[in-house]
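Just below is one structure, and these are the notes that go with it.
Model, not experiment: these values are computed from the prediction. Basis for what follows: all heavy atoms, side chains included, without hydrogens, waters or symmetry-related copies.
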Amino acid sequence: MPGTSGGCRTPTTASALWSVGYASGAELVAAACDLLITGHDGPNLSMLAGVHSRHADEEVPELLEAALQGVGLDYHPRGSEGGQEAAVRTMAARAIAGALEPLDLVTWAHTTFGHGALALAEHLVELDDVYDTLEYTDLTEQDLHIEILAEARRIVGAHPIVAA
């Protein structure tokens, strides 16, 4: 689902979502521009911010690590466990903030990681399965949403998202 992340403008969240294929290179370029506007600087950041959106998906991978490290932000290579965990924390924070529906969080986790792929996302993936069998349980949809948000708070609580 590249490019469908719906507003991942901080470099930290954009980078995390990019590492799991959920943000486009153009979104990372926009986040780099936002960093420049807020007073961050550096030649690598400027190069990243100057990439034309038409070429972003090709050029961003070469520039991203140096640009983020140049301003003291974490870089997560595509497919890395650190990037996957950062992406789960980012999406969980969105659900807590009300910017993402609980069902959308667990569906995203299930689609992105599946069963047994990432320990941090495993309970979210399992909760997505509960939706399929909700009519056979004593739970209501509201009960399930409460449980999903509690899991999201647990995920974010261990490593709070810090906006840059």
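Residues Asp41 and Ser46 have side chains in contact (heavy-atom distance under 4.5 Å, counting atoms from C-beta outward). With a 4.5 Å cut-off on side-chain heavy atoms, Leu120 and Arg89 count as touching. Taking the side chain as every heavy atom from C-beta outward, Glu147 and His123 approach each other to under 4.5 Å. Contact annotation: the side chain of Leu105 never approaches that of Asp128 to less than 4.5 Å [non-hydrogen atoms, C-beta and beyond]. Contact of the Leu28 side chain with the Ser15 side chain is registered, since non-hydrogen atoms from C-beta on lie closer than 4.5 Å. Within the 4.5 Å cutoff, the side chain of Thr12 has no heavy atoms near those of the Asp74 side chain. Between Thr137 and Leu134 there is a side-chain heavy-atom pair separated by less than 4.5 Å.
Applying the 6.0 Å contact sphere to CD of Glu126 captures more than 12 heavy atoms from other residues, nucleotides or ligands. No more than 12 heavy-atom neighbours from other residues, nucleotides or ligands sit within 6.0 angstrom of CD on Glu81. Enclosure of atom CD in Glu58 by more than 12 non-hydrogen atoms of other residues, nucleotides or ligands within 6.0 angstrom is indicated.
Gly25 and Asp57 get closest at one heavy-atom pair: N-OD1, 2.7 Å. The shortest non-hydrogen separation linking Val51 to Val29 is O-CG1, 3.4 Å.
Rounding to the nearest 0.5 Å places CD of Glu59 at 8.5 Å from CE of Met47. The CG atom of Leu64 sits 9.5 Å away from atom CZ of Arg78, with the distance rounded to the nearest 0.5 Å. Note that the CE atom of Met91 and the CD1 atom of Ile96 stand 12.5 Å from one another [nearest 0.5 Å]. Considering OG1 of Thr90 and OH of Tyr22, their distance stands at 11.5 Å, rounded to 0.5 Å. For the atom pair Glu122 CD and Phe113 CZ, the distance stands at 11.5 Å (nearest 0.5 Å). Within the model, atoms CD of Glu151 and CD1 of Ile148 stand 10.0 Å from one another, a figure rounded to the nearest 0.5 Å.
Between Tyr75 and Trp18, the ring planes are tilted. Angles from 30° to 60° get that label.
Cluster annotation: Leu118 is connected to Leu127 through the hydrophobic network of ILVMFWY side chains, with a link wherever side-chain heavy atoms come within less than 4.5 Å. In the hydrophobic clustering of ILVMFWY residues, with side-chain heavy atoms under 4.5 Å counting as a link, Val125 and Val88 come out apart. Hydrophobic clustering (side-chain heavy atoms under 4.5 Å, transitive across Ile, Leu, Val, Met, Phe, Trp, Tyr) groups Leu124 together with Leu103. Using a 4.5 Å cut-off between side-chain heavy atoms of Ile, Leu, Val, Met, Phe, Trp and Tyr, with links allowed through other members, Val71 and Leu48 fall into the same hydrophobic cluster. Hydrophobic clustering of Ile, Leu, Val, Met, Phe, Trp and Tyr side chains at less than 4.5 Å, counting indirect connections, unites Leu100 with Trp108.
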Show your working on side chain to side chain contact (heavy atoms under 4.5 Å, CB included) between Gln69 and Asn44 and close with a plain yes or no. CA-CA 9 Å; Gln69 289 178 346; Asn44 294 316; over 6 Å; no
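Listed for the Glu27 side chain is a donor-acceptor partner under 3.5 Å among the backbone atoms of Ser24. For Ser19 (side chain) and Ala16 (main-chain N/O), a donor-acceptor pair under 3.5 Å exists by modelled atom type. Side chain of Asp34 to main chain of Ala31: no donor-acceptor pair is present (N/O by atom type, distance under 3.5 Å, no hydrogens or angles).
Between the side chains of Thr112 and His110, not a single donor N or O lies within less than 3.5 Å of an accepting N or O. Using modelled atom types and a 3.5 Å distance limit, the side chains of Thr107 and Asp104 yield no donor-acceptor pair.
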